2 protein chains.
Amino acid sequence: MGVTDADNQTVVFKERLKKIYRYSQSHLSEGLCPTGKVLAPTLDRWSMFCLFNLAYYETLRFGELRKKIDGISPRMLAVTLRRLEEHGFVARKAYSEVPPRVEYRLTDFGLELSRRLSDLTEWFLGYFEKLPAFEHFNEKIEK
Amino acid sequence: MGVTDADNQTVVFKERLKKIYRYSQSHLSEGLCPTGKVLAPTLDRWSMFCLFNLAYYETLRFGELRKKIDGISPRMLAVTLRRLEEHGFVARKAYSEVPPRVEYRLTDFGLELSRRLSDLTEWFLGYFEKLPAFEHFNEKIEK
DNA sequence: CGGTATCCGTTGCGATACTG
DNA sequence: CAGTATCGCAACGGATACCG
């Protein structure tokens with residue numbers, strides 16, 4: 001009676017916000033909110049390319065990744081992969097061979113994250129045509 | 001026959017990855033993938049606090065936000081709000097009064113983004129207890 | 001093959017002081 | 001009240017060269 005689904009959704013949303021907010025405030029000194037702590041390592045210049053390539057091909061070697069990601073330097077690929085590994089998104093497997101062979105793949109966590117990030121990306125690609133801030137982006141897409 | 005829901009999901013996921021990947025590569029020079037382009041401005045030290053406060057209280061003035069976000073300087077609040085406004089997440093309304101009054105609220109886009117970010121945060125809060133990289137995080141939560 | 005080491009420019013952020 | 005101006009530091013990313 002008078003209480004709509006939308007109302008209930010709002011209440012749930014606000015409770016969630018309060019919970020997250022409490023966590024966030026206890027971590028202010030670390031420089032990032034908890035969402036940032038997880039997402040930031042995936043939002044630099046190269047991480048998403050690594051994640052999505054690994055999500056697509058499942059297993060790739062260092063050199064294969066390097067070839068697939070146009071313009072990345074060996075240093076940045078190493079840094080990016082190490083960070084993704086440290087955060088539990090990517091698993092690294094080194095074989096004791098000559099020449100050396102190292103394979104990378106997503107963990108379950110990394111795969112789930114990739115799915116969720118692709119959902120998010122899919123959602124806001126629809127906004128590019130509407131929002132002024134992303135106009136330049138659209139122009140390039142159309143080319 | 002033999003084609004499971006999981007298989008179909010995987011196909012859809014991979015098609016989506018290809019699509020996003022094409023977009024991303026055409027924007028390499030800009031330094032961020034499209035997901036990053038939208039999310040990065042929300043993942044610095046302060047943006048999420050602004051977004052979540054505005055999602056919770058709906059409308060807040062500059063000074064109110066400043067009081068609610070512990071430790072933020074006027075400069076960083078101004079910078080953060082301006083960036084959020086430029087990206088279409090936040091609407092700014094200035095009243096011609098003395099003393100001046102300015103109100104901030106989320107746009108529909110900003111509200112939807114806040115919901116999605118809170119979903120994401122809710123999901124991975126469940127991983128903090130499992131992943132080594134986030135152990136230090138858990139310790140603080142328990143305090 | 002799979003990385004490191006080094007240097008260097010840019011950006012982000014904080015602190016403080018000031019203003020229409 | 002709602003910001004801006006200025007300064008300074010520290011972290012990040014890029015380019016290049018080198019190594020087990």
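A note on names: the letters A, B, ... follow the listed sequences, proteins ahead of strands, and every chain is numbered from 1. The structure presented is a predicted model; accordingly, all values stated were derived computationally and were not measured.
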Chemist: When the axes are fitted on five pairs at both termini, how much does the helix from C:dC1-D:dG20 to C:dG20-D:dC1 curve, in 10° steps?
Modeler: 50°
Chemist: In whole Å, I'd like the distance from the CD atom of B:E64 to the P atom of D:dG3.
Modeler: 13 Å
Chemist: Between P on D:dA15 and CG on A:L77, what's the gap in Å once rounded to a whole number?
Modeler: 14 Å
Chemist: Starting at CZ of A:R82 and ending at C1' of C:dT4, how long is that distance when rounded to a whole Å?
Modeler: 9 Å
Chemist: Rounding to a whole Å, what distance do you find between A:L84:CG and C:dG3:P?
Modeler: 13 Å
Chemist: Test of understanding: with side chain to side chain contact (heavy atoms under 4.5 Å, CB included), list the residues that count as partners of B:S96, not counting sequence neighbours.
Modeler: none
Chemist: Would you give a per-nucleotide map of nucleotides 11-18 of chain C, 5' to 3', where B means the base has a protein non-hydrogen atom under 4.0 Å away, S means only the sugar-phosphate does, and - means neither?
Modeler: --BBB---
Chemist: For DNA chain D, what residues of residues 92-102 of chain A have any heavy atom nearer than 4.0 Å?
Modeler: A:P100
Chemist: For residues 88-113 of chain A, pull every pair meeting salt bridge (charged side-chain N to carboxylate O under 4.0 Å, His left out), keeping only residues two or more places apart or in separate chains.
Modeler: A:E97-A:R101, A:R101-A:E103, A:E112-A:R116
Chemist: For B:D5, I'd like to know if atom CG has over 12 heavy atoms of other residues, nucleotides or ligands within 6.0 Å.
Modeler: no
Chemist: Determine: side-chain N/O of B:Y104 to OP1/OP2 of D:dC1, distance under 4.0 Å, yes or no.
Modeler: no
Chemist: Is B:W123 reachable from A:L106 through a run of I, L, V, M, F, W or Y residues, each pair having side-chain heavy atoms under 4.5 Å apart?
Modeler: yes
Chemist: Just jot down the ring-ring contact (aromatic ring centres under 6.0 Å, His included) partners of B:F13, sequence neighbours excluded, or say none.
Modeler: none
Chemist: Going by salt bridge (charged side-chain N to carboxylate O under 4.0 Å, His left out), name the pairs with one or both residues in residues 46-61 of chain B, residues two or more places apart or in two chains.
Modeler: A:K14-B:E58
Chemist: Check whether the side chains of B:T4 and B:D7 place a donor and an acceptor atom closer than 3.5 Å, and report yes or no.
Modeler: yes
Chemist: Does C:dC1 have OP1 or OP2 under 4.0 Å away from a side-chain N or O of A:R66?
Modeler: no
Chemist: According to side chain to side chain contact (heavy atoms under 4.5 Å, CB included), who are the partners of A:Q9, at least two apart in sequence or on a separate chain?
Modeler: none
Chemist: Rounding to a whole Å, what distance do you find between B:F62:CZ and D:dA2:C1'?
Modeler: 6 Å
Chemist: Residues two or more places apart in sequence or in another chain: which of them pass ring-ring contact (aromatic ring centres under 6.0 Å, His included) with B:Y21?
Modeler: A:F49
Chemist: Would you mind reporting whether A:R115 and B:T10 have side-chain heavy atoms less than 4.5 Å apart?
Modeler: yes
Chemist: Please give, in whole Å, the distance from C:dG3 C1' to A:E85 CD?
Modeler: 13 Å
Chemist: Side chains of A:V79 and A:W46, heavy atoms from C-beta outward: is any pair under 4.5 Å?
Modeler: no
Chemist: Any residue in residues 53-60 of chain B with a heavy atom nearer than 4.0 angstrom to DNA chain D? Just list them by number, or reply none.
Modeler: none
Chemist: Only counting residues at least two apart or in another chain, list the ones meeting side-chain hydrogen bond (donor to acceptor under 3.5 Å, both in side chains) with B:K67.
Modeler: none
Chemist: Got A:V12 and A:N8 here, is their nearest side-chain heavy-atom distance under 4.5 Å?
Modeler: no
Chemist: Name all residues meeting the side-chain hydrogen bond (donor to acceptor under 3.5 Å, both in side chains) criterion together with B:R66; count only those two or more places apart in sequence or in a different chain, and write none if there are none.
Modeler: none
Chemist: Would you tell me if any nitrogen or oxygen in the side chain of B:R61 comes within less than 4.0 Å of OP1 or OP2 on D:dA2?
Modeler: yes
